A.B. asks: 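Below you will find the structure I want to go over with you.
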Number of protein chains: 2
Amino acid sequence: MAKGSGRISEAVIRRLPRYYRYVRELMQNGVTRVSSAELSKRMGLTASQIRQDFNCFGEFGQQGYGYNVEELYEHLTRILGLDKKYHLIIIGAGNIGQAIANYTDFEKEGFIIDSLFDINPRLIGLSIRGIEIRDVEQLGTFLQDHPIDIAVIATPKSKAQEVADNAVKYGAKAIWNFAPVDIAVPADVAVENVHLSDSLYTLSFKIRELKGE
Amino acid sequence: MAKGSGRISEAVIRRLPRYYRYVRELMQNGVTRVSSAELSKRMGLTASQIRQDFNCFGEFGQQGYGYNVEELYEHLTRILGLDKKYHLIIIGAGNIGQAIANYTDFEKEGFIIDSLFDINPRLIGLSIRGIEIRDVEQLGTFLQDHPIDIAVIATPKSKAQEVADNAVKYGAKAIWNFAPVDIAVPADVAVENVHLSDSLYTLSFKIRELKGE
DNA sequence: TAGATTGTTAATCGATTAACAATC
DNA sequence: TAGATTGTTAATCGATTAACAATC
């Protein structure tokens with residue numbers, strides 16, 4: 001099977017952004033080369049695993065040398081699809097929706113927020129960083145004129161599946177869901193469920209566990 | 001080895017909050033019993049895995065009957081440590097810090113936010129939902145008088161490790177980190193790194209993958 | 001060249017799934 | 001009782017780690 005064409009396991013996918021972060025950091029610090037052994041020490045993984053992971057996508061290193069940091073960074077950028085631009089909308093302009101809209105780092109990475117949507121008349125018409133909050137009723141009309149890649153779901157859980165379905169119907173290729181419910185999507189749509197409360201509960205679990213109860 | 005005392009794998013821990021959510025939903029819908037087969041269909045897991053997972057913590061079911069929903073919910077609540085109260089502080093009162101402070105659901109679950117902290121003089125002295133924003137310089141003094149369980153890190157990444165260290169020094173048992181850097185903590189402290197950008201990058205990865213590129 | 005480190009195969013480990021006796 | 005479904009053991013699968021030949 002040709003490199004880069006095989007199905008990548010979820011475990012590997014989860015590690016990719018971490019590699020990207022660590023290698024970017026090295027690059028920013030002016031480091032020009034790194035071995036899997038050095039990276040393994042920094043990241044708390046085995047060198048073996050790092051080499052296996054990279055080799056899912058190609059041969060990025062050189063025997064006796066290691067990896068060229070800049071090259072590796074470029075590979076990871078491309079693998080993650082971060083060499084492209086993505087158009088987003090945020091559905092739900094409450095706390096989370098606004099926090100994401102205000103977070104400028106995503107835009108620097110090529111994730112462009114085209115609009116927010118909400119059901120609340122007091123919010124509709126306002127802008128966040130110049131991004132207009134529109135009536136969620138206009139979602140379909142808007143998407144017909146402005147094709148998007150990613151719909152961010154930041155509604156209460158009761159509306160989450162419905163607005164996600166709508167976004168998919170109008171061409172969204174991915175759902176980034178912050179509502180505390182698992183969103184179901186067709187097989188050709190990507191979904192990431194970010195469950196903040198789940199994350200918090202694992203902390204209370206671990207606190208209890210560490211206390212030895 | 002006695003039930004409930006063995007080391008629980010990370011994979012099981014990640015599924016626990018999901019079980020909790022689904023079982024709570026069943027309970028709220030008035031369902032009184034559920035079999036592992038029914039739950040498996042709803043959650044997209046195998047019935048075998050569900051039974052294995054539950055049996056890490058005890059024997060919650062009954063042959064020929066299944067699981068009593070209310071009992072199972074109580075077990076999961078206790079397992080996750082959600083039968084207790086937790087005191088939190090939020091360090092960094094920017095977008096994410098404020099969004100979390102405004103999110104009232106956590107409080108309902110027993111996670112009490114005692115204070116926010118920031119470095120910005122314009123924010124210090126303000127309140128969010130009655131929770132005061134204090135000068136981050138006062139973190140140590142505050143924690144000496146108000147012991148906390150969880151420190152939420154919502155600072156820029158350059159300050160994240162430093163404020164986490166400080167929180168741990170003054171008795172924090174867990175770190176909930178939203179800064180885009182991996183926080184290191186002693187072995188007796190729990191940590192959850194919530195990397196929103198990592199999550200977003202897996203979406204761009206998957207979009208590319210689904211397109212078959 | 002000699003030393004270093006990769007890419008890759010083989011071995012190990014752990015997690016998931018299947019099977020089924022126990023029992024409600 | 002007969003049917004259903006658990007708890008648990010055994011089998012399978014996949015992911016991680018170890019080892020090492022290839023090679024820079």
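Proteins get letters first, then strands, A, B, ... in listed order; numbering begins at 1 in each. Fair warning: this is a prediction, and the values are worked out from it, not measured in the lab.
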A.B. asks: What is the distance, rounded to the nearest whole Å, between atom CG of A:Asn55 and atom C1' of C:dT5?
C.D. replies: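 Interatomic distance, CG of A:Asn55 to C1' of C:dT5: 12 Å.
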A.B. asks: Could you give me the stems involving DNA chain D, meaning stretches of three or more consecutive Watson-Crick or G-U wobble pairs whose two defining distances are both below 3.5 Å?
C.D. replies: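 So the stems come out as C:3-24 with D:3-24.
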A.B. asks: Take atom CD1 of A:Ile8 and atom P of D:dA15, then tell me their distance rounded to the nearest Å.
C.D. replies: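 Taking CD1 of A:Ile8 and P of D:dA15, I get 11 Å after rounding.
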A.B. asks: Expressed in angstrom and rounded to an integer, what is the separation of B:Ile50 atom CD1 from D:dG7 atom C1'?
C.D. replies: 14 Å
A.B. asks: Which residues pass the side chain to side chain contact (heavy atoms under 4.5 Å, CB included) test with B:Gln62, sequence neighbours left out?
C.D. replies: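 Once residues adjacent in sequence are excluded, the partners of B:Gln62 under the side chain to side chain contact (heavy atoms under 4.5 Å, CB included) criterion are B:Tyr65.
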A.B. asks: Provide, to the nearest angstrom, the distance between the CZ atom belonging to A:Phe60 and the P atom belonging to C:dT6.
C.D. replies: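 It is 14 Å, rounded to the nearest whole Å.
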A.B. asks: Under the ring-ring contact (aromatic ring centres under 6.0 Å, His included) test, which residues partner A:His87, sequence neighbours left out?
C.D. replies: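 If we apply the ring-ring contact (aromatic ring centres under 6.0 Å, His included) test to A:His87, skipping adjacent residues, there are no hits.
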A.B. asks: For B:Phe106, check ring-ring contact (aromatic ring centres under 6.0 Å, His included) against everything at least two apart and list the hits.
C.D. replies: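 With sequence neighbours excluded, B:Phe106 shows a ring-ring contact (aromatic ring centres under 6.0 Å, His included) to B:Tyr103, B:Trp176, given in chain and number order.
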A.B. asks: Rounded to whole angstrom units, what separation is found between the CG atom of B:Leu72 and the C1' atom of D:dT5?
C.D. replies: 14 Å
A.B. asks: Give the table of side-chain donor-acceptor pairs shorter than 3.5 Å for residues 70-77 of chain B, with sequence neighbours excluded, one pair per line with atom names and distance.
C.D. replies:
| from | atom 1 | to | atom 2 | distance (Å) |
| --- | --- | --- | --- | --- |
| B:Tyr73 | OH | B:Tyr20 | OH | 3.2 |
| B:Thr77 | OG1 | B:Tyr73 | O | 2.7 |

A.B. asks: Sequence neighbours left out, what passes salt bridge (Lys or Arg N to Asp or Glu O under 4.0 Å) with A:Lys157? Give chain and number order.
C.D. replies: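 With neighbours one apart ignored, the set is empty.
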A.B. asks: Kindly write out the residues that satisfy salt bridge (Lys or Arg N to Asp or Glu O under 4.0 Å) with B:Arg129, not counting sequence neighbours, or none if the list is empty.
C.D. replies: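 Salt bridge (Lys or Arg N to Asp or Glu O under 4.0 Å) list for B:Arg129, sorted by chain: B:Glu107.
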A.B. asks: For B:Asp118, which residues count as a salt bridge (Lys or Arg N to Asp or Glu O under 4.0 Å) partner, sequence neighbours excluded?
C.D. replies: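 Residues passing salt bridge (Lys or Arg N to Asp or Glu O under 4.0 Å) with B:Asp118: none at all.
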A.B. asks: Give me the residues of residues 19-42 of chain B where at least one heavy atom lies under 4.0 Å from an atom of DNA chain D, by number, or none.
C.D. replies: B:Ser35, B:Ser36
A.B. asks: Using salt bridge (Lys or Arg N to Asp or Glu O under 4.0 Å) as the criterion, list what pairs up with A:Arg14, not counting sequence neighbours.
C.D. replies: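 Salt bridge (Lys or Arg N to Asp or Glu O under 4.0 Å) list for A:Arg14, sorted by chain: A:Glu10, A:Glu192.
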A.B. asks: Quick one: what's the B/S/- string for nucleotides 16-24 of chain D, heavy-atom cutoff under 4.0 Å, read 5' to 3'?
C.D. replies: SBBB--BBB
A.B. asks: For ring pair (Phe, Tyr, Trp, His ring centres under 6.0 Å), just list the numbers for A:Phe60 and A:Tyr67, CA-CA rounded to whole Å, side-chain angles, deciding distance to a tenth of an Å, and then say yes or no.
C.D. replies: CA-CA 7 Å; A:Phe60 302 158; A:Tyr67 299 88; 7.5 Å; no
A.B. asks: Under the rule for ring-ring contact (aromatic ring centres under 6.0 Å, His included), what residues qualify as partners of B:Tyr19, not counting sequence neighbours?
C.D. replies: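 Result, ring-ring contact (aromatic ring centres under 6.0 Å, His included) vs B:Tyr19: B:Phe54.
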A.B. asks: Rounded to the Å, how far apart are B:His75 NE2 and D:dT6 P?
C.D. replies: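 Computing the B:His75:NE2 to D:dT6:P distance gives 14 Å.
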A.B. asks: Are A:Asn55 and A:Glu59 linked by a side-chain donor-acceptor pair shorter than 3.5 Å?
C.D. replies: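 On atom types as modelled, these side chains do not qualify, holding no pair under 3.5 Å.
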